[in-house]
There are 2 protein chains.
Amino acid sequence: MTAQPHILVVDDSRDIRDLLVRYLQTHGYRATAADGAAAARRILKTNSIDLAVLDVMMPGEDGLSLCRTLRSEHDMPVIMLTARGEEIDRIVGLEMGADDYIGKPFNPRELLARIGAVLRRANSLPRKARASDTKRIRFEKWVLDTAQRELVTSDGVAVPLSAGEFRLLIAFLERPKISLTRDQLLDLTQGRTADPFDRSIDNAVSRLRRKIEEDPKNPRLIKTVWAGGYVFTGDPVAA
Amino acid sequence: MTAQPHILVVDDSRDIRDLLVRYLQTHGYRATAADGAAAARRILKTNSIDLAVLDVMMPGEDGLSLCRTLRSEHDMPVIMLTARGEEIDRIVGLEMGADDYIGKPFNPRELLARIGAVLRRANSLPRKARASDTKRIRFEKWVLDTAQRELVTSDGVAVPLSAGEFRLLIAFLERPKISLTRDQLLDLTQGRTADPFDRSIDNAVSRLRRKIEEDPKNPRLIKTVWAGGYVFTGDPVAA
DNA sequence: GAGCCACTGACACACTTTGCGACAAAACAC
DNA sequence: GTGTTTTGTCGCAAAGTGTGTCAGTGGCTC
């Protein structure tokens with residue numbers, strides 16, 4: 001996680017979403033809102049989120065079901081929002097694996113304290129080694145050795161990757177054939193948002209292409225999406 | 001932790017203590033009671049406790065102070081009991097590192113759910129390989145003899161480690177494939193925080209590399225994560 | 001197709017971070 | 001006390017990364 005943790009707020013009420021997002025942003029967090037479980041899943045596909053704040057009661061798929069996914073698939077801390085007094089919800093929420101809950105209406109400072117506490121706990125404990133921490137991933141003629149942070153061809157040539165190149169490549173490999181904007185790539189690789197004239201992603205892509213593309217002038221693995229960022233077109237498979 | 005987690009209940013009110021202990025015992029836990037911080041410390045000396053439930057307000061040393069000790073010295077999950085509505089207490093409690101809190105009067109089933117959630121969380125995380133407790137740890141071509149504080153190769157060559165090198169290596173071995181910042185490493189090896197221009201970790205890493213790396217110029221075991229610290233890429237196993 | 005504009009690729013350069021040798025301070029052994 | 005080992009600090013060189021510029025390209029309108 002980087003200096004500014006990224007919080008995902010999921011609530012069907014626009015008022016609460018906006019209020020929370022603004023409040024979190026003025027207190028040192030990046031915040032993104034989703035109006036329901038579907039939107040939340042969409043955002044999770046292309047953004048790196050450090051913690052989620054979920055409303056329990058939402059039309060359609062409810063917060064509990066989403067919470068289960070977040071915990072099991074993304075290993076992500078979750079704080080639930082619940083109407084005051086609904087003890088059953090709280091209990092079920094905790095049993096479902098939420099890290100904390102807070103009753104509505106809530107004291108914003110208390111929410112901040114809880115977010116801080118949950119994040120601190122998540123970071124102080126060793127993170128569960130993620131798939132990308134141990135696997136080897138094959139794509140085209142390359143095998144990415146994630147432990148050694150280097151690329152190897154089948155004939156044994158090893159190409160070391162810098163930290164930035166490695167993070168960028170992982171971001172692509174985990175989202176093949178999905179077009180990613182510069183903002184999303186910046187979020188995924190560095191957990192920050194773009195300056196108005198940010199060219200760092202262009203540069204990072206350029207440098208990565210020089211290492212993995214047969215002919216960097218005619219890239220085949222990382223294609224440019226005009227006015228839309230980049231897309232990785234390879235077929236990564238665990239190896 | 002054994003099949004029956006052992007809960008320590010600390011509260012100055014005898015009624016609440018007895019109620020809690022009995023309730024926990026009928027729900028699959030072992031439970032021990034203490035009427036104050038002093039008694040709690042005494043019990044901790046001779047019992048293995050998996051989780052503590054602390055009253056915030058107690059005569060003498062209060063729950064917050066005890067909580068701090070438990071977290072820092074015993075690395076133990078803590079749930080705080082607080083009078084309903086005392087939001088300040090809750091917030092301070094969370095900031096103090098409590099894993100959860102519950103307001104009095106509480107629904108016993110809710111307390112059970114919270115205990116279950118906190119214990120599950122504590123266990124779901126990869127158990128810290130208590131490297132320092134194990135006699136010997138093997139990684140790559142080395143075997144670390146923690147008693148002798150030296151490294152041995154399979155062909156019998158022994159390399160002695162200084163105290164600092166040993167602590168650093170242990171910190172890495174307990175968290176393989178996890179990127180650690182200089183701050184974290186400084187905290188883990190010396191329990192202090194970094195000065196603005198602190199280069200001591202860089203040096204410690206450099207010195208450790210010279211001892212354990214085949215080719216210190218191209219380190220394979222301890223990789224640099226640019227602007228992010230270092231990561232140990234080996235596969236330590238108890239031996 | 002020509003002209004226009006926004007966007008991108010490539011590069012140079014500045015800046016930040018890191019590696020490591022040298023030295024000094026501190027800790028330790030005797 | 002002295003001598004030895006260990007550890008922190010400083011300085012410089014090297015590596016990694018972000019910014020600014022400029023030329024070139026894609027997409028649009030006419």
Side-chain angles (χ1 to χ4, degrees), chain A residues 2-3 149-151 159-171 179-231, chain B residues 149-151 159-171 179-231:
Chain A
T2 51
R149 299 176 157 240
E150 66 186 14
L151 283 163
V159 178
L161 295 172
S162 75
E165 290 160 354
F166 179 75
R167 281 196 302 266
L168 182 61
L169 182 53
I170 289 286
S179 160
L180 298 165
T181 66
R182 288 176 176 70
D183 263 348
Q184 292 169 333
L185 287 168
L186 212 47
D187 181 21
L188 293 167
T189 54
Q190 318 199 77
R192 67 181 181 89
T193 48
D195 301 334
F197 300 100
D198 208 307
R199 305 300 311 284
S200 59
I201 287 295
D202 299 63
N203 237 306
V205 169
S206 178
R207 283 166 178 148
L208 182 56
R209 275 177 174 159
R210 258 171 272 174
K211 291 200 177 174
I212 68 171
E213 295 282 2
E214 204 81 53
D215 173 12
K217 295 273 184 186
N218 281 45
R220 305 184 54 78
L221 284 168
I222 303 177
K223 297 262 195 194
T224 303
V225 180
W226 212 80
Y230 300 92
V231 59
Chain B
R149 299 199 156 203
E150 66 182 13
L151 284 162
V159 178
L161 294 174
S162 75
E165 289 161 353
F166 180 76
R167 280 197 304 270
L168 182 61
L169 181 54
I170 289 287
S179 149
L180 298 165
T181 64
R182 288 177 176 69
D183 264 351
Q184 290 172 314
L185 287 168
L186 210 48
D187 184 28
L188 291 166
T189 53
Q190 317 198 91
R192 68 181 180 89
T193 48
D195 302 334
F197 300 101
D198 207 308
R199 306 297 309 284
S200 59
I201 287 295
D202 300 60
N203 256 290
V205 169
S206 179
R207 282 163 180 149
L208 182 55
R209 274 176 175 159
R210 255 172 278 176
K211 293 198 176 175
I212 68 171
E213 294 281 2
E214 204 82 51
D215 172 11
K217 295 272 182 187
N218 280 43
R220 303 193 61 76
L221 283 169
I222 303 176
K223 294 267 188 186
T224 303
V225 181
W226 211 82
Y230 300 92
V231 57

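Hydrogens, waters and symmetry mates play no part in the numbers below; they use all other heavy atoms, side chains included. Below, chain A is the first sequence line, B the second, and so on; all start at residue 1.
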Compare the minimum distances between each of [options] and the side chain of [X], then state the nucleotide with the smallest one.
{"X": "B/S200", "options": "C/dG21, C/dC7, D/dG8", "answer": "D/dG8"}
{"X": "A/A227", "options": "C/dG19, D/dT9, C/dC7", "answer": "C/dC7"}
{"X": "B/N203", "options": "D/dT7, D/dT19, D/dT9", "answer": "D/dT9"}
{"X": "A/R199", "options": "C/dG9, D/dT9, C/dT16", "answer": "C/dG9"}

Given [N], is OP1 or OP2 found less than 4.0 Å from the side-chain N or O atoms of [X]?
{"X": "B/R192", "N": "D/dT7", "value": "no"}
{"X": "A/R209", "N": "C/dG9", "value": "yes"}
{"X": "A/Q190", "N": "D/dT17", "value": "no"}
{"X": "A/S206", "N": "C/dA10", "value": "yes"}
{"X": "A/T224", "N": "C/dG9", "value": "yes"}
{"X": "A/Y230", "N": "C/dG9", "value": "yes"}

Rounded distance (Å) that lies between atom [atom2] of [N] and atom [atom1] of [X]:
{"X": "B/I222", "N": "C/dC20", "atom1": "CD1", "atom2": "C1'", "result": "15 Å"}
{"X": "B/L186", "N": "D/dG8", "atom1": "CG", "atom2": "C1'", "result": "11 Å"}
{"X": "A/K211", "N": "D/dT17", "atom1": "NZ", "atom2": "P", "result": "8 Å"}
{"X": "A/R210", "N": "D/dT17", "atom1": "CZ", "atom2": "P", "result": "13 Å"}

For this session: Might you point out which heavy atoms bring B/R209 and B/P219 nearest each other, and give the distance in Å?
Result: NE-CB, 3.5 Å
Given side chains that start at C-beta, do those of [X] and [Y] come closer than 4.5 Å, heavy atoms only?
{"X": "A/I222", "Y": "A/I212", "value": "yes"}
{"X": "B/Y230", "Y": "B/R182", "value": "yes"}
{"X": "B/I201", "Y": "B/Q190", "value": "no"}

Problem set entry | 5′-ward residue of the pair B/F197/A/G164 relative to DNA chain D |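 Whichever sits nearer the 5' end wins; that is B/F197.
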For this session: On DNA chain D, check which nucleotide each of B/W226 and B/A204 is closest to and give me the residue with the more 5' one.
Result: B/A204
For this session: Could you tell me whether B/R167 contacts a base, only the sugar-phosphate backbone, or nothing, with contacts defined as non-hydrogen atoms closer than 4.0 Å?
Result: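 No contact.
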Seminar exercise, completed: Assign each of B/G229 and A/R207 the nucleotide of DNA chain C bearing its closest heavy atom; nearer the 5' end lies the nucleotide of A/R207
For this session: Tell me yes or no: between the side chains of A/T181 and A/D183, is some donor less than 3.5 Å from an acceptor?
Result: no
